[in-house]
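What follows is a set of notes on a single structure, which appears directly below.
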There are 4 protein chains.
Amino acid sequence: MSPRTAKQFKEIRENKSFLILNAALEMFANNGYHNTSISKIAKHANISKGLLYNYFENKEDLLIKIIDRGIEKLFQSFDTNSDGILTNEEFEFFIHENFRIIKENIPYWKLYFSMFFQPEVLSIMKDKLFMKINNLLNTIEKYYKNKGVKNPAMEARMYGAFLDGISMNYIMDPENFPLEDVKKYIIDKFCIIDNKKS
Amino acid sequence: MSPRTAKQFKEIRENKSFLILNAALEMFANNGYHNTSISKIAKHANISKGLLYNYFENKEDLLIKIIDRGIEKLFQSFDTNSDGILTNEEFEFFIHENFRIIKENIPYWKLYFSMFFQPEVLSIMKDKLFMKINNLLNTIEKYYKNKGVKNPAMEARMYGAFLDGISMNYIMDPENFPLEDVKKYIIDKFCIIDNKKS
Amino acid sequence: MSPRTAKQFKEIRENKSFLILNAALEMFANNGYHNTSISKIAKHANISKGLLYNYFENKEDLLIKIIDRGIEKLFQSFDTNSDGILTNEEFEFFIHENFRIIKENIPYWKLYFSMFFQPEVLSIMKDKLFMKINNLLNTIEKYYKNKGVKNPAMEARMYGAFLDGISMNYIMDPENFPLEDVKKYIIDKFCIIDNKKS
Amino acid sequence: MSPRTAKQFKEIRENKSFLILNAALEMFANNGYHNTSISKIAKHANISKGLLYNYFENKEDLLIKIIDRGIEKLFQSFDTNSDGILTNEEFEFFIHENFRIIKENIPYWKLYFSMFFQPEVLSIMKDKLFMKINNLLNTIEKYYKNKGVKNPAMEARMYGAFLDGISMNYIMDPENFPLEDVKKYIIDKFCIIDNKKS
DNA sequence: CATGAATGAGGTTTCATTCAT
DNA sequence: AATGAATGAAACCTCATTCAT
């Protein structure tokens, strides 16, 4: 297919749905889901309350669509090659990707993490999300297996936990986070240099 | 009959207060702060709504008291010897302590982590909490410095992030978490065996 | 009868009922009836809520007793000679009495006036109060009739209204009220000097 | 159908706002501010509780808007010529105005007077109100000064108090109040006929 | 497609009153 | 006579959602 024209892009950008999602995301992330009223979202998106209900069924639907959109985007980056086996370069690339994606949309990731601790929200997304996460962990596990690590499942899990913890810390205060040094640290700690194996 | 003594009243208050805090904690942790109404808490604690307000100023006060109680308890465990320098034994002991405390009160830790992503809730506790956390990280930093690690501040920070990530994963599904293996993994990865230094 | 002994006075003064009435009066007058809770009154009177209900049936009863006590006191001053005809000296004396009584218990008079505009409260006291007031006005009317004033009923009524208005203004800001000058003004305006008649 | 125009919306708001203010005024005046619940007002105005909060921020805001509207209206009548000096005709005219305005909206004036004795309510309006009242009294004072009265400030103050007292009496029972006779009485007592001066 | 007035259920909070001790 | 824990009705207020236009 031919690439989208500038006009098409403009249309997409101007799409009300997109605007609303952004407005809602920002407010959910900064003020919390329950603390953000539909009224405020509509005002922030410069539309009326009524119109919002033309685009989204209800408040919860809005949240789901936001999370959906984010997950989609995240796993796109990691879906390439997901069946094959990671090289060290790919492993390192994924780390960079991980933080690039977070940096790109910090509010989203605030919301994403908060979700994990709000059971009523989590239950909506749980299945879809856990499938995706398991996929990723399996890829990492294969990587470790291939490198001859003793307990690759554990290693993958610990890697995942580490990334969770670091991402959380990053999100809490992105300005003062030594991002580049941390990336190096992760690579040093979790990427298996081949002669290290011996 | 003669009226109750001051001591009797005090006892009643302490017991009831304890009951309410537990009921509220459980519900806040499982359903989220905003999703839990005072009505539901009162019902869960088998008291009237009105009585709850006899014990706590308002919903926020209830949350603060819960978090306070938890923080107090947590940092008690780590306050011993906080000025001195950790030995390896102490380092390992603290890891065991960390998980023992979490295991003891999983709902509390759910609430604790969820707090970090609910800005309007976090702001209530931020100062008190961050001071305590920094204290802990400084102790860890000294440990690494003393062991001759190159960048002890970074190492301490990464250790903290790792513990955060792992604790989070533990809380999400405590039943299926290989706790003992994980502890060993952490010790292996973050405890500096002295001849390793050279 | 012999005058009350110091001991008897002390008993009266210590009477709980008296204390409670005073505490309640003060708070009703300063903060409004609906804005004053039984709890606060009990605290202010240094007793428990429960005990208050030993002395007074309920909150409204407390109010009624307060107003009652005040009216009793007020009209005591004016009841002497109420059947006879006022001399100018008595007329002037009553003006002095009026302000002396107000000065003695400003909170009470704040409450008294506020009552007139709270129908649900007024209705409780209306009959008793209006009878007393009419008595007084009749005495004044007779005074004017005897002095040969043309429309003594109207004159008495206007005198009453004037005293209401001035008392109201006095109560609002007693400190800055030129009490003595005002008394003279009233006497000059409403007391009939006999040779003025001609 | 096409959506309502901005003008239509404005009209709806103004009409409904007016309705609510009237309903609230009536109930505040007849039952007292604290004795009137938002629920009752809404019912009286034939709207839902929620809608009331669409129009007024809260109960206090509703009260303020009512009082504001009344003060605005009252002082409009007296603002003409306020810098110049009153003639006798104007002085008399103002007396007629005073009672005309009260007669027009008795509930409002009940509320107005009741306010003075509800401290927590008064404090809301005090400053604005006292400024307006002082303005008026100054005009009266100038009138007396110009007529050569000895103590014009006192005379103005007494005039004000008298009008307060009479207005209060009028409001309490408008049906049986000899309005016209009273007006004459006031003019006779407080309007300075020029040859009286000598 | 678009508006915001309108609803009503449900949330937080207060407080007069009762009652076991 | 005295306490304050406990209740429950009712207050204020919010907000997701609907709907006439």
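The figures here come from the full heavy-atom set of this structure, side chains too, leaving out hydrogens, waters and symmetry mates. The sequence lines fix the lettering, A, B, ..., with proteins before strands; numbering per chain opens at 1.
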Using a 4.0 Å heavy-atom cut-off across all strands, classify [X] as base, sugar-phosphate, or nothing.
| X | answer |
| --- | --- |
| D:Leu51 | base |
| C:Phe56 | nothing |
| D:Thr36 | sugar-phosphate |

| query | For DNA chain F, whose closest nucleotide is more 5', that of D:His34 or that of C:Gly50? | reply |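 This one resolves to C:Gly50.
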| message | Using heavy-atom distances to pick each residue's nearest nucleotide on DNA chain F, tell me which of C:Ser48 and D:Tyr53 is more 5'. | response |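 Mapping each residue to its closest nucleotide by heavy atoms, the 5'-most match is C:Ser48.
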| field | A:Ile47 or B:Glu60, whichever maps to the more 5' nucleotide of DNA chain E | value |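 First, find each residue's nearest nucleotide; the 5'-ward one identifies A:Ile47.
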| message | Please compare B:Tyr33 and A:Asn46 by the position of their nearest nucleotide in DNA chain E and report the one closer to 5'. | response |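 It is A:Asn46 whose nearest nucleotide is closer to the 5' end.
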| ring pair (Phe, Tyr, Trp, His ring centres under 6.0 Å) assessment of D:Phe116 paired with D:Tyr112 | CA-CA 7 Å; D:Phe116 276 93; D:Tyr112 174 86; 5.2 Å; yes
Distance check needed: [N] [atom2] versus [X] [atom1], whole Å only.
| X | N | atom1 | atom2 | value |
| --- | --- | --- | --- | --- |
| C:Leu62 | E:dA16 | CG | C1' | 12 Å |
| C:Asn31 | E:dC15 | CG | C1' | 16 Å |
| B:Ile38 | E:dT12 | CD1 | P | 5 Å |
| D:Leu52 | F:dC15 | CG | P | 16 Å |
| A:Asn58 | F:dC15 | CG | P | 17 Å |
| B:Lys43 | F:dG8 | NZ | P | 12 Å |
| C:Leu19 | F:dA2 | CG | P | 11 Å |
| B:Lys59 | E:dT13 | NZ | P | 8 Å |

| What is the distance from atom CG of D:Asn58 to atom CD1 of D:Ile38, rounded to the nearest 0.5 Å? |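 Rounded to the nearest 0.5 Å, the CG-CD1 separation comes to 8.0 Å.
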Would you tell me if any nitrogen or oxygen in the side chain of [X] comes within less than 4.0 Å of OP1 or OP2 on [N]?
| X | N | answer |
| --- | --- | --- |
| C:Lys16 | F:dA2 | yes |
| B:Arg13 | F:dA5 | yes |
| D:Tyr55 | E:dA6 | yes |

| query | Looking at A:Phe28, is A:Lys59 sitting on its ring face, NZ or CZ under 6.0 Å from the six-membered ring centre and within 45 degrees of the normal? | reply |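 Not satisfied by the 6.0 Å and 45° rule.
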| Is a donor on one side and an acceptor on the other found under 3.5 Å between the side chain of C:Tyr108 and the backbone of C:Ile71? |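 Yes; judged by distance alone, with no hydrogens or angles, the pair exists.
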| N/O donor-acceptor pair under 3.5 Å between C:Glu26 side chain and C:Ala23 backbone |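 Not at all, since once roles are kept as given, no pair shorter than 3.5 Å links the two residues.
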| query | Counting side-chain heavy atoms from C-beta on, which of F:dA1, F:dG4, E:dA2 comes nearest to A:Asn54? | reply |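 Nearest to the side chain of A:Asn54 among the choices is E:dA2.
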| From the list E:dT13, F:dA11, F:dA5, which nucleotide is the closest neighbour of the side chain of D:Ser37? |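 The answer is F:dA11.
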| Assigned partner base of F:dA5, Watson-Crick or wobble definition, under 3.5 Å |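 Partner of F:dA5: E:dT18.
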| query | Just wondering, more than 12 heavy atoms not from C:Phe130 lying within 6.0 Å of its CZ? | reply |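 More than 12 heavy atoms, drawn from other residues, nucleotides or ligands, come within 6.0 Å of this atom.
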| task | Classify the side chain of B:Lys49 versus the base of F:dT7 as yes if they form a donor-acceptor pair under 3.5 Å and no if they do not. | result |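 Side chain to base: no pair below 3.5 Å.
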